[in-house]
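Given the structure is predicted, the values throughout are model-derived calculations rather than measurements.
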Amino acid sequence: MKRLFKKAKQYIAAVALIATATTGIQSKVFAQDDKTILGAGSSFINPLFSKMFYEYNAKTGIQVNYQSIGSGGGILQLTNKTVDFGASDGPLNEEQTSKIGVPALHIPMASGAVVITYNLPGVNANLKFTPDVIADIFLGKITKWNDARITGLNKGVSIPAFPILIAHRSDGSGTTAIFTNYLSKVSPEWSTKVGAGGSVNWPAGLGGKGSEGVAGLVKQTPGALGYVELIYALQNKISYAQVRNKKGKFILPSLVSVSAASNIKLPDDSKVFITDTDAPDGYPISGFTWVIIYKEQNYNNRSTQRAQNLLQLLWWNIHEGQQYTTPLNYSPLSKGALLVAEKILKSATYNGQPILK
């Protein structure tokens with residue numbers, strides 16, 4: 001057990017060192033011409049953004065430099081006005097809204113699944129978990145893989161007596177916001193003791209930086225269990241679980257089950273959590289991801305051209321860019337969500353005048 005923890009900690013330290021060095025280099029590139037748009041935040045959406053921004057650059061010549069540093073980091077950089085947009089899988093909370101101090105817009109980009117991923121040698125099945133079991137694992141109350149509550153849900157699967165090593169995010173994270181919002185809904189004990197948010201005091205486990213760090217930690221460590229966006233589990237070829245939803249069905253995270261969960265009427269500001277869905281076939285740990293920008297784009301001596309380039313990029317993301325969601329296992333915006341996103345983008349101004357005509 002000690003050897004597993006030592007190996008996991010060494011991996012975390014290496015990832016953190018690389019991430020810190022990379023962020024330090026990228027944060028110095030703000031002084032660019034108006035054909036370079038700067039963004040930072042969500043690692044949840046990074047695989048999709050990487051594809052979108054590559055294609056947009058090929059089409060328009062506009063370069064997008066995006067730092068996958070976690071939703072909390074993106075919101076901080078937006079607050080400090082060192083990027084053009086932040087990306088987050090959780091809407092701004094009261095404290096973040098207060099620090100920004102002026103109206104900010106949340107533009108939904110897509111939705112995705114936060115999956116329970118694990119490294120259990122010899123087990124190839126998509127294990128089944130119930131909400132109470134997931135909560136008690138992350139509360140540190142279930143510590144062995146062959147606990148009767150896990151084996152009882154997975155009859156016929158030979159589960160070894162490995163200790164469970166929990167991997168969670170160490171940085172401010174929208175993925176964590178989605179996951180802890182879910183846990184707070186399904187577990188009164190979690191809601192009381194830990195609560196929901198992008199950063200929480202974890203009762204157990206080790207922290208990894210970004211979805212990349214958590215996925216790498218799980219992949220490197222037999223017995224590890226964590227939570228990441230679906231594409232990270234698929235890219236790293238790590239197993240992930242079925243989760244019982246509110247209707248009593250064990251649901252595998254997929255395009256279909258995330259689309260079922262996200263097929264709701266969005267509020268006018270688009271800020272909503274869709275965890276613990278009522279949809280019979282919906283995956284219960286699903287969530288939207290947003291780009292967040294200042295409503296008034298004339299700040300820090302920004303040019304009208306820069307504001308137009310940003311808004312045109314985001315308009316493309318929610319229209320032509322949606323073709324890249326499905327191949328990367330994100331759920332595209334529904335027609336209703338698209339209409340809300342369009343209305344929000346059209347409310348952005350420069351000197352009080354709409355940027356998009």
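Put simply, the side chain of Thr60 does not reach to within 4.5 Å of the side chain of Lys35, judged on heavy atoms. Under the 4.5 Å side-chain criterion, counting only non-hydrogen atoms from C-beta, Tyr240 is in contact with Asn126.
Side-chain contact of Ser184 with Ser191: a donor-acceptor pair under 3.5 Å is absent, judged by distance alone.
By the 4.0 Å N-to-carboxylate-O rule, Lys99 lies close enough to Glu95 to be salt-bridged with it. Using a 4.0 Å cut-off between a side-chain N of Lys or Arg and a carboxylate O of Asp or Glu, Glu55 and Lys51 qualify as a salt bridge. Look at Lys247 and Asp278 and you find no salt bridge, because none of the NZ, NE, NH1 or NH2 atoms lies under 4.0 Å from a carboxylate O.
Checking side-chain atoms of Arg244 against main-chain N and O of Lys249 turns up no donor-acceptor pair under 3.5 Å. The backbone N or O of Ile75 lies less than 3.5 Å from no partner atom in the side chain of Gln96, so there is not a single donor-acceptor pair. With hydrogens and angles disregarded, no donor-acceptor distance shorter than 3.5 Å links the side chain of Ser88 to the backbone of Pro91. Of the possible donor and acceptor atoms, none in the side chain of Trp190 sits under 3.5 Å from a partner among the backbone N and O of Lys185.
Side-chain rings of Trp315 and Tyr56 stay apart, their centers remaining 6.0 Å or farther from each other. Aromatic pair Tyr299/Tyr294: centroids less than 6.0 angstrom apart.
Taking both residues in full, the closest heavy atoms of Ser42 and Thr289 are given as OG-OG1, 4.0 Å, listed atom of the first, atom of the second, then distance. A pairwise comparison of heavy atoms in Val272 and Pro267 identifies CB-CD, 4.1 Å as the closest pair. Shortest non-hydrogen contact noted between Tyr283 and Val114 is OH-O, 2.8 Å. The shortest heavy-atom contact between Thr175 and Arg169 is OG1-NH1, 3.7 Å.
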Checking side chain to side chain contact (heavy atoms under 4.5 Å, CB included) for the pair Ser331/Ser262: CA distance, chi angles, key distance, verdict?
CA-CA 8 Å; Ser331 179; Ser262 60; 3.9 Å; yes

List the steps, then state whether side chain to side chain contact (heavy atoms under 4.5 Å, CB included) holds for Phe85 with Tyr66.
CA-CA 9 Å; Phe85 70 88; Tyr66 182 73; 3.9 Å; yes

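The aromatic rings of Trp290 and His106 stand perpendicular to each other, their planes meeting at an angle above 60°, with 30° marking the opposite boundary. Ring orientation note: the planes of Phe49 and Phe53 are tilted relative to one another, at an angle of 30° to 60°.
More than 12 heavy atoms of other shown residues, nucleotides or ligands fall within 6.0 angstrom of atom CG in Asn351.
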Would you list the atom pairs, donor with acceptor, under 3.5 Å between side chains in residues 138-148 and any protein atom, with sequence neighbours excluded?
from: Lys141; atom 1: NZ; to: Glu189; atom 2: OE1; distance (Å): 2.9
from: Trp145; atom 1: NE1; to: Gly223; atom 2: O; distance (Å): 2.9
from: Asp147; atom 1: OD1; to: Arg149; atom 2: N; distance (Å): 2.8

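Under the 4.5 Å side-chain heavy-atom criterion for Ile, Leu, Val, Met, Phe, Trp and Tyr, Leu76 and Ile293 are members of distinct hydrophobic clusters.
Listed by chain and residue number, nothing satisfies the salt bridge (charged side-chain N to carboxylate O under 4.0 Å, His left out) test with Lys343 (two or more places apart in sequence, or in another chain).
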